[in-house]
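Worksheet for the structure shown next.
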Protein chains: 2
Amino acid sequence: MGLMNTQSAWLDDDQQDLWQALLTVVIALPAALDRQLQREAGISNFEYGVLARLSMADEATMRLSELARVCDSTQPRLSKVMDRFEARGWVARRPDPSDGRYTLATLADAGRQKLVESAPEHVAQVKRLVFDPLSAAQRRHLGAALTRIAATVRRELEGG
Amino acid sequence: MGLMNTQSAWLDDDQQDLWQALLTVVIALPAALDRQLQREAGISNFEYGVLARLSMADEATMRLSELARVCDSTQPRLSKVMDRFEARGWVARRPDPSDGRYTLATLADAGRQKLVESAPEHVAQVKRLVFDPLSAAQRRHLGAALTRIAATVRRELEGG
DNA sequence: CATCATGACTTGCCCAGGCAAGTGATACGA
DNA sequence: TCGTATCACTTGCCTGGGCAAGTCATGATG
């Protein structure tokens, strides 16, 4: 354990600290966001993200495969989310006229309303948990580092 | 939307970018780690963390409530993980002699062996996805920022 | 000492999500 | 033109985890 080369099988102390903090964030942050959104709006953090992404798209419409990609979702997961959303009248699905293999999803008015009414508390929570504890410089550094990691992880999931 | 004060209900562009990168990391990073560990070792990232934490404790023994806390786990979740681990002979549970309300968990040899044999590939994956993309300075900045966020999120979950 | 409150842990019920197999649509090759 | 490969998406089966209720041990209170 102490006799390994620089590509050791273990993490050194600084790396351990970073890794532990990152584990806490990836485990506990979604849990905290889910609890708040579930309580206030009856949806999960992931579902909120799907609504938000759709709302930003042109005509509030996207192909499911593209929506899955930007939400870091598998296709079955998104498919089931859309089942729930469609049942509540929040989105509509229809075949893509230009290629029948694709399916277009459009955010309905009820869906946009749900998003708008749950946004304030959710955004406040995000600010409280993520932005408020940091200085402006720390935010910049964090953004830069996370962007690099996010790109690496995305490649990993798409390639594997 | 454009006429709100500094405590706006929305995120500005820089915040959006950071937030999106963080979302990708909290969603896709656990997924990537889970896939690799599941394939190579048949355990989840969370289960690996439980084994690792226990192995670091004095006598490889901890109270369940304390273990749950450091693993950012609820008690039912950890309880079920321990059911699975005990069935495989990886841990043993027994009442705390000094207070029968607590339960002590001890990592068994088979559990330590499982940890040791799955560690190298897992650690390599962590390095590849998290550390390799960053410069030394970025790692320090990231560690500092994540530590602050982790502390805030921990307080949130314990207090709520 | 009986009762009641508290705190640690477990159990049961329910639902979300992963994976693998199935369906339908389009492109491609013989 | 007729399979055949390739996508995009959906469905079924199974497991993990959240929540709320239940159990058990301890401590406090009359």
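Order of the sequence lines sets the chain letters (A, B, ...), proteins ahead of strands, with each chain counted from 1. Excluded from the calculations below are hydrogen atoms, water molecules and symmetry mates; all remaining heavy atoms, backbone and side chain alike, are included.
Distance CZ (B/Arg63) to P (D/dA25): 16 Å, rounded to an integer number of Å. Atom CG in B/Leu157 sits about 13 Å away from atom C1' in D/dG18, given to the nearest Å. Atom pair B/Gln38:CD and D/dC14:P shows a separation of 17 Å (rounding to whole Å applied). Rounded to an integer number of Å, the gap from B/Met82 CE to D/dG17 P is 14 Å. Atom P of nucleotide D/dC19 and atom CZ of A/Arg39 are separated by 10 Å, given to the nearest angstrom. Counting to the nearest Å, the P atom of D/dT15 and the CG atom of B/Asp83 are 15 Å from each other. The CG-C1' distance, from B/Leu64 to D/dC24, rounds to 15 Å in whole Å. The separation between A/Asp34 atom CG and D/dG17 atom P is 14 Å, rounded to whole Å.
Between B/His122 and A/Trp19, the angle of the ring planes goes over 60°, which puts this pair in the perpendicular group of the 30/60° scheme.
Where A/Glu47 and A/Asp96 meet DNA chain C, the nucleotide closest to each residue was compared, and A/Glu47 sits on the side nearer the 5' end. Projected onto DNA chain C by closest heavy-atom contact, A/Phe46 and B/Ser79 fall at different nucleotides, the more 5' of which corresponds to B/Ser79. Two residues, B/Thr74 and A/Ser65, neighbour DNA chain D, and the one matched to the more 5' nucleotide by heavy-atom proximity is A/Ser65.
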Just list the side-chain donor-acceptor pairs under 3.5 Å for residues 109-119 of chain A, sequence neighbours left out, or say none.
| residue | atom | partner | partner atom | Å |
| --- | --- | --- | --- | --- |
| A/Lys114 | NZ | A/Ala41 | O | 2.8 |
| A/Ser118 | OG | A/Lys114 | O | 2.7 |
| A/Ser118 | OG | A/Leu115 | O | 3.3 |

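A/Arg93 pairs with exactly one of A/Asp83, A/Leu104, A/Thr106 by the side chain to side chain contact (heavy atoms under 4.5 Å, CB included) rule, that one being A/Asp83.
Residue contacts shown for A/Asp99 are limited to sugar-phosphate atoms, with no base heavy atom under 4.0 Å away.
With a heavy-atom cut-off of 4.0 Å to chain B, the contacted part of DNA chain C has its first and last nucleotide at C/dG7 to C/dC19.
Salt bridge annotation for A/Arg77-A/Asp72: absent, with no cationic side-chain nitrogen under 4.0 angstrom from a carboxylate oxygen.
In this model, no donor atom of one side chain and acceptor atom of the other lie less than 3.5 Å apart for A/Arg35 and A/Gln38.
Using a 4.5 Å cut-off on side-chain heavy atoms (C-beta onward), B/Met62 and B/Leu54 make contact. Between A/Asp17 and B/Thr147 the shortest side-chain heavy-atom distance does not fall below 4.5 Å.
Residue B/Arg77 places at least one side-chain N or O under 4.0 Å from the OP1 or OP2 atom of D/dG17. Put simply, A/Gln75 has a side-chain N or O that comes within less than 4.0 Å of OP1 or OP2 on D/dC9.
Taking every side-chain heavy atom of B/Lys80 into account, D/dG18 is the closest of D/dA8, D/dG18, D/dG27.
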